[in-house]
Colleague: 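Below is one structure. I have some questions about it.
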Amino acid sequence: MTPDVTTAAAGTASLVQSVDWVAIAPPLIAGAVALVVLLADLFLPPARKPLLGWITLAGLAAALAALVPLRGGGRSTFCLTANPDACSYTVDQFAFVIQALVLGGALLTALLSMRDTEEKLPAGEFWFLLLSSAAGAALLPAARDLATLVVALEVASLPAFALVGLKRGDRLSSEAALKFFLSSVTATAVMLLGVSFVYAATGTLHLTEIATKLADVPGQLGTVAKTGVVLTLVGFAFKTAAAPFHFWVPDTYVGAPLPVAAYLSVVGKAVGFSGLILVTVVAFPAYADVWGPALAVLAALTMTLGNAAALRQSATRAHSAVRLLAWSSVGQAGYLLVPIAAAAYSSDHQVGATVAYALMYAVVNLGAFAVAALVARGKPLNRLADYRGLYAERPLAALALAFFLLCLAGLPPGIIGLFAKVTVFSAAVDAGLGWLAVVMAVNVVVALYYYLRWTAILFRAPEGAEEPSGTARAGIPAPLTLAIALTAVAGVVLSGLPQLALHFASVTLF
């Protein structure tokens, strides 16, 4: 071989990147199982379709198990050969925790959906879409370049549009899917415009390189860079349901199948917030003076509008229980934004408070939706008034829902909810955002009213002699009971370990 050929071969070899298969295993397993389910659906007879649900559960459990070797963090792959520190995929403590959250949330959603796919929803399409969305959601927190981030966000979001509209022939479902799709596509277009501006100003898509180059942008590109930062934040603000980009939430949750609404409220929110944390804290620290005040104002506006709307829900209005949970999730999104805004004024450690709060919120909100799904089996209108006397009919379910609501309110025995709120308060105060801490305190007091009102309804004596309760009791599937039990146990365990919230708020996640 001539020297020229040898040199060319060596240069070609240097461009080949090794793949860390262990690092990418969780989203890869979820995506592979999605393809298996899609193919199996073509060949399985209708009577065997329930097998697809069990395959999905096994696949999500395997994806969760694949996280075990990654618990130490510090693994990267798809790195630049010229700069090994600039990687497209990194599993650090942040990515590990969020991947565990989204895959666990998808697993609980699958449990909630087992009977619905047998009775109301097309099984093959549902399980394929859920697994595909979960794969994108697991990919996003480990993404470390804007291209991978946008692709992961859309892989998580596009199947969700179809999941919302999967109740065929249901007007509310079709309307919710259309509203969700159109508003999300608009937000994505705005975000992509922002990403293109950031790329024009920096010449790179890797988050760590963007952070370095934004700190020294030429004067003539300063306006382009700032515009790109703002437009990128607008796209992620929609994904997190931050006001004024929250208008799609109540109608989407009401029109979607209840398990899908639960999935959007937890996994969809985790995806949006993890993406927002990555672009602000990792990629845009040089423009903290732009996104810090903007997120602080968005946090105050979001929690205020969400709690005010939840407060106005009538107990006799159709689907008022789901609407209250939807508006409550908007209010909770405001709390989740506080530590991210605080990171602009102090240190990156503040985002740990968002992670701690997200863990608490995911567990108890999924539990609340699980009990709502149980009640909806006997009372499909799912009004708050339908929960009156639930303790007399189903004491364990009522106690579980009361515990979940108290956690969301931040009251004992939901200690984890209290400590999670304390970490968020501390983040705002430490960053000098005293006004935002005051706004949050007022909103927490407002939220106490509607959470406690719903809790009180559970223990009131049932009105009249309405007794479809025996029928409803006979129709509860075991997976739904298991989902309620798992979330209740997880909530109790977290409440027994309140220092976990403080731990996340004090450690470096990146």
Side-chain angles (χ1 to χ4, degrees), residues 94 144-146 149 187 190-240 242-245 272-304 333-355 357 423-440 505 508-510:
F94 173 78
R144 292 298 182 271
D145 71 61
L146 289 177
L149 199 64
V190 172
M191 182 177 64
L192 286 173
L193 181 61
V195 168
S196 67
F197 283 178
V198 171
Y199 178 71
T202 62
T204 182
L205 291 173
H206 287 85
L207 303 186
T208 52
E209 292 195 334
I210 288 173
T212 301
K213 294 186 178 182
L214 278 181
D216 191 26
V217 172
Q220 65 270 28
L221 293 177
T223 302
V224 174
K226 285 185 179 180
T227 304
V229 169
V230 172
L231 293 178
T232 303
L233 293 181
V234 168
F236 281 104
F238 170 86
K239 302 297 182 182
T240 59
F245 313 103
F273 275 101
S274 56
L276 185 62
I277 289 171
L278 289 173
V279 295
T280 53
V281 173
V282 179
F284 302 155
Y287 284 80
D289 60 326
V290 175
W291 55 262
L295 291 183
V297 172
L298 280 182
L301 184 62
T302 301
M303 65 179 75
T304 302
Y335 306 149
L336 286 161
L337 282 169
V338 172
I340 307 176
Y345 296 88
S346 53
S347 71
D348 296 352
H349 288 176
Q350 303 289 6
V351 299
T354 290
V355 174
Y357 201 97
T423 60
V424 172
F425 271 114
S426 299
V429 173
D430 292 345
L433 295 172
W435 68 270
L436 186 55
V438 171
V439 172
M440 181 178 174
T508 302
L509 294 176
F510 295 104

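Quantities reported herein were computed from a predicted structural model and do not represent experimental measurements. We count residues from 1, following the sequence as given.
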Colleague: Any idea which heavy atoms bring Ala283 and Leu214 closest together, and the distance?
Modeller: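 Closest pair (atom of Ala283, atom of Leu214, distance): O-CD1, 3.7 Å.
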
Colleague: May I ask you to test the Arg144-His206 pair for a side-chain heavy-atom distance under 4.5 Å?
Modeller: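 Not in contact.
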
Colleague: Would you compute the distance between atom CZ of Phe197 and atom CG of Leu221 and round it to the nearest 0.5 angstrom?
Modeller: 11.5 Å

Colleague: Looking at side-chain heavy atoms only, is the closest gap between Val439 and Met303 below 4.5 Å?
Modeller: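 Side chain of Val439 against side chain of Met303, heavy atoms only: contact under 4.5 Å found.
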
Colleague: Rounded to the nearest 0.5 Å, how far does CG of Leu436 lie from CZ of Phe425?
Modeller: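 Here the rounded value is 9.5 Å.
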
Colleague: Do Pro244 and Phe238 have side chains that get closer than 4.5 Å, going by heavy atoms?
Modeller: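 Not touching, per the 4.5 Å side-chain cut-off.
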
Colleague: Are side-chain heavy atoms of Ser346 and Asp430 found at a separation under 4.5 Å?
Modeller: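 In short, these two side chains do not touch, never coming nearer than 4.5 Å.
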
Colleague: Heavy-atom count around Tyr199 OH within 6.0 Å, excluding the residue itself: above 12?
Modeller: no

Colleague: Do Thr280 and Val351 pass the side-chain contact (heavy atoms from CB on, under 4.5 Å) test, and can you show the C-alpha distance, the side-chain angles, and the key distance before you say yes or no?
Modeller: CA-CA 10 Å; Thr280 53; Val351 299; over 6 Å; no

Colleague: Between Thr202 and Lys213, what is the shortest heavy-atom contact and its length?
Modeller: O-CD, 3.1 Å

Colleague: Side-chain contact test, heavy atoms from C-beta onward, threshold under 4.5 Å: evaluate it for Pro339 versus Tyr357 and give yes or no.
Modeller: no

Colleague: Tell me the closest heavy-atom pair linking Val281 and Ala343, and the distance in Å.
Modeller: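 For Val281 and Ala343, the tightest heavy-atom pair comes out as CG2-CB, 4.2 Å.
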
Colleague: Which heavy atom in Leu231 sits nearest to a heavy atom in Gly194, and how many Å separate them?
Modeller: CB-CA, 3.6 Å

Colleague: Could you go through the side-chain contact (heavy atoms from CB on, under 4.5 Å) check for Asp145 and Leu149 one step at a time?
Modeller: CA-CA 6 Å; Asp145 71 61; Leu149 199 64; 6.0 Å; no

Colleague: What is the minimum heavy-atom distance between Ala344 and Trp291, and which atoms define it?
Modeller: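 For Ala344 and Trp291, the tightest heavy-atom pair comes out as CB-CZ3, 3.5 Å.
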
Colleague: Can you give me the closest heavy-atom contact between Ala428 and Val338, atom names plus distance?
Modeller: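 That closest heavy-atom pairing would be CB-CG1, 3.7 Å.
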
Colleague: So, do Val198 and Phe284 sit near enough that their side-chain heavy atoms are less than 4.5 Å apart?
Modeller: yes

Colleague: Looking at CZ of Phe245 and CG of Leu301, how far apart are the two atoms once the value is rounded to the nearest 0.5 Å?
Modeller: 9.5 Å

Colleague: Looking at CG of Leu276 and CG of Leu337, how far apart are the two atoms once the value is rounded to the nearest 0.5 Å?
Modeller: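 So the gap between those two atoms works out to 6.5 Å.
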
Colleague: Decide yes or no for Val230 and Tyr287: does some side-chain heavy atom of the first lie under 4.5 Å from some side-chain heavy atom of the second?
Modeller: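 A side-chain contact under 4.5 Å is absent here.
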
Colleague: Output yes when a side-chain donor or acceptor of Thr240 lies under 3.5 Å from a complementary backbone atom of Ala237, and no otherwise.
Modeller: yes

Colleague: Rounded to the nearest 0.5 Å, how far does CG of Leu295 lie from CG of Leu233?
Modeller: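 Taking CG in Leu233 and CG in Leu295, the distance rounds to 6.0 Å.
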
Colleague: Quick check for you: to the nearest 0.5 Å, what is the distance between Phe273 atom CZ and Leu336 atom CG?
Modeller: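 Going from the CZ atom of Phe273 to the CG atom of Leu336 covers 4.5 Å.
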
Colleague: Can you check whether Thr208's main-chain N or O pairs, donor with acceptor, with Thr212's side chain at less than 3.5 Å?
Modeller: yes

